[in-house]
Amino acid sequence: MKILVTGSSGFVGSAVLKELIRLNEDIKVVVRNSNTVEPTVEKIMVNSIDSSTVWGDRLLGCDVIVHCAARVHIMAENCLDPLSEYRDINTLGTLNLARQAANSGVKRFIFLSSIKVLGEDSSIGHPLVYSDQPKPTDPYGVSKYDAEEGLKILTIETGMEIVIIRPPLIYGPAVKANFLTMMKWLNRNIPLPLGAIHNKRSLVSLSNLVDLVVTCLAHPSAANQTFLVSDDRDVSTTQLLRLLGNALSKKVLLLPVPVTVIDFMASVIGKKDFSHRLCSSLQVDINHTKTVLNWHPPFSIEESLLATAIDFKHNQKLNNRDKRFS
């Protein structure tokens, strides 16, 4: 089985590639720079994956495509037409690749979508399920939803199997954005006003997500399915910070500030969206995934947070060393 991976230098794609190499799979990757991945891996060089990319015969011989490349969600979006920017890569680029893949004989197309297709939050005890009516609220979520809908039409027209995976927040070694910010807070022993947040959020470790992707490569029951994924254990922001503090071997000082006060303070400093993500709930139900694939997340949240913390501390040591010698 020949597997093509896009986005192989990104957070998810690089982890997928590493696991496929470990499994000794026959791999080809899409890259902009040939120096960004393992030199022994076969490469396809493209400048970008968008609506105008011509793949030609470079997809011939591939059986499965794992499409991780995307214009990722940006917290402080400042372009004039963000929806158009997201759609050109996440929607039109995906569908352009998928159509040419089908014409080249690719049998299965695995699309890394997002839980944002179903919305930004849920009420506690009422998790999102794979069959819920999509309710994307931002350009990134809309672009992923539009790609999903286009892929469903394409599979009817061409017979190429599609697999859609919608992860929530992904964490693991080399994580960035808000998760990295939280680790930096804890590492500096900063007292945080986050000791009374009783929300519930589903997360997925990079290792668990990669394991699901690998499961979907050839599983017969994965064809034309949509899967939600998580660590199968929901935690509050307060619980997550305590678990992460343990992983970092740091004493966590969390002040029991009411959520209403946090929201007000965040509004004053222009961080309302960040506050919402810290305090709101977003639970997903992965029973469909577990049942259809007979799959369960192989790594616990404690194991995954420890791996994330070890990588973080290693990078901190490297950064400190570089500063001493600069």
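Positions are given from 1, in the same order as the sequence printed here. Quantities reported herein were computed from a predicted structural model and do not represent experimental measurements.
- Between the side chain of Asp88 and the backbone N or O of Gly93, no donor-acceptor pair lies under 3.5 Å.
- By the 30° and 60° cut-offs, the orientation of the rings of Tyr130 relative to His288 is parallel.
- Here Arg201 does not pair with Asp234 in a salt bridge; the nearest charged N to carboxylate O distance is not below 4.0 Å.
- With hydrogens and angles disregarded, a donor-acceptor distance shorter than 3.5 Å links the side chain of Ser202 to the backbone of Val284.
- Counting heavy atoms of neighbouring residues, nucleotides and ligands inside a 6.0 Å radius, atom NZ of Lys271 does not exceed 12 of them.
- Under the 30°/60° scheme for interplanar angles, the aromatic rings of Phe274 and Trp185 are found to be tilted.
- A side-chain donor-acceptor contact under 3.5 Å links Ser205 and Asn208.
- Side-chain contact check for Asp121 and His276: at least one donor-acceptor pair (N or O, by modelled atom type) lies under 3.5 Å.
- Checked by atom type and distance alone, the side chain of Thr6 pairs as donor or acceptor with a backbone atom of Cys68 at under 3.5 Å.
- A salt bridge links Arg87 and Asp146; the closest N-O separation between the charged side-chain nitrogens and carboxylate oxygens is under 4.0 Å.
- Proximity of a side-chain donor or acceptor of Thr289 to a complementary backbone N or O of Leu228 within less than 3.5 Å is detected.
- Side-chain contact check for Thr238 and His198: no donor-acceptor pair (N or O, by modelled atom type) lies under 3.5 Å.
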